[in-house]
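Quick caveat, the model's predicted, so the values are computed rather than measured. Side chains included, hydrogens not; waters and symmetry mates left out as well; all remaining heavy atoms used. Order of the sequence lines fixes the chain letters, A, B, ..., with proteins taken first and strands second; residue numbering starts at 1 for each chain.
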Amino acid sequence: MNDFMFLFRGGRTEAPASPEAMQTQMQKWRAWMQKLREQGKYISGEPLESGGKVLRSPNKVITDGPFAEGKEVVGGFFLVRAETLEQATDMAKECPIFETGGSVEVRKVQVMNP
Amino acid sequence: MSDAHIHDLVDHFFRHQSAKLAAVLTRVFGLQNLELVEDVVQSALVEALEVWKIRGVPENPAAWMYRVARNKALDVIRRQQVADRFGPEWVLWRETTSGPAQIDRLFLANEIADSQLRMIFACCHPQLPEESQISLALKTLCGFSTA
C-alpha cells in the first residue's frame with residue numbers, strides 16, 4: 001500500500017446556499033469519507049483556512065495570499081491509502097467536490113525505499 | 001463514530017440550526033438588523049460545512065456551530081464598535097448586548113428556546129401582511145430558503 005494525497009481546490013460553498021443544500025453536501029462528504037474509512041483507505045484530512053502568507057525565494061519576500069483564483073486555492077487535503085495512482089484516482093472520482101465546481105489533485109507521497 | 005453522533009446530523013440539522021442561530025442572533029443584533037443576522041447565520045453554516053466535510057463532524061456539532069456563530073457575532077460587534085467611534089449613528093443594538101458573556105448566555109438551551117419563541121411572535125406581528133408573516137416564518141423559524 002502507498003500513501004496518496006488528495007488536494008481539494010475550489011468547490012467552496014457559494015453564499016447564499018440554502019441550509020438544505022448544505023445538508024445534502026455534508027451528507028455526501030460524510031458518506032464518501034465513511035466509505036474510505038470502512039475500506040481502511042482514509043488516513044487523515046484537514047481543511048485549510050483561506051488566506052495566509054507566501055514566502056518567495058531568494059529574499060523570502062512575504063506576501064499575503066494565496067489570492068489566486070478562488071478555484072485554484074487549496075481548501076483542504078486528505079491523506080489516503082491505495083495500491084496505485086490509478087486506484088487512488090478512481091477513489092477521488094467519487095469526491096462530492098465535483099458537484100460544486102471544485103477539483104482534486106491526486107499525488108503520491110514519495111517514500112524512501114531501502 | 002457513535003450512533004448518537006450520526007443521529008445528530010441526520011435529517012434537517014443545518015435547517016434546524018439555521019433557525020436556532022437566527023433566533024439567538026436576532027436577540028443579539030435586534031430585529032431591525034435581520035439582514036445582518038442572516039449573513040452571520042449563513043457564514044456560520046458555511047464554515048461548519050467547509051470544515052466538517054474534510055475533517056469529519058465534531059463530537060457535538062450543535063455546540064461547535066454555536067461557538068462559530070458566537071465568534072462571528074463578536075467580530076461584527078467589534079468591527080461596529082470601531083466604526084462607532086467614527087459614526088455614532090450606528091448604535092442600534094447597543095442597549096441589548098455587547099460582551100461575550102451576554103452572548104454566551106443566549107446560547108444556553110433555555111435561552112435558545114426563548115429566542116425562538118420571541119422570533120415566532122416577531123414573525124406573527126399583526127402589522128405584517130399575512131404573506132410576509134408566512135415567508136418570514138418559513139425563512140427564519142424553519143430555515144427554508146426563499147427561492
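We find the CH2-CE distance between B:Trp52 and A:Met22 to be 11.0 Å, quoted to the nearest 0.5 Å.
Clustering of Ile, Leu, Val, Met, Phe, Trp and Tyr by side-chain heavy atoms under 4.5 Å joins A:Leu55 with A:Ile62.
Side-chain contact between A:Gln23 and B:Arg15 is absent, with no heavy-atom pair separated by less than 4.5 Å. Side-chain contact between B:Glu47 and A:Glu49 is absent, with no heavy atoms from C-beta onward closer than 4.5 Å.
Contact detail for B:Lys53 and A:Met26: the closest heavy-atom pair is N-CE, 3.8 Å. Taking each heavy atom of B:Glu50 and A:Gly11 in turn, the nearest pair found is OE2-O, 4.4 Å. Minimum heavy-atom separation, A:Tyr42 to B:Ile54: OH-O, 3.6 Å. Between A:Pro19 and B:Gly143 the shortest heavy-atom distance is CG-O, 3.2 Å.
A:Met5 and A:Val74 fall within the same hydrophobic cluster, defined by Ile, Leu, Val, Met, Phe, Trp and Tyr side-chain heavy atoms under 4.5 Å apart, directly or through other members. At a threshold of 4.5 Å between side-chain heavy atoms, the hydrophobic network of Ile, Leu, Val, Met, Phe, Trp and Tyr places A:Phe98 and A:Phe6 in one connected group. B:Leu31 and B:Leu128 fall within the same hydrophobic cluster, defined by Ile, Leu, Val, Met, Phe, Trp and Tyr side-chain heavy atoms under 4.5 Å apart, directly or through other members. Following chains of ILVMFWY side-chain contacts shorter than 4.5 Å, one cannot reach B:Leu74 starting from B:Leu108, and the two form parts of different hydrophobic clusters.
Proximity to chain B at a heavy-atom threshold of 4.5 Å picks out A:Phe77, A:Phe78 from residues 77-95 of chain A, in numerical order.
For CZ of B:Arg55, the number of neighbouring non-hydrogen atoms (other residues, nucleotides, ligands) closer than 6.0 Å is greater than 12.
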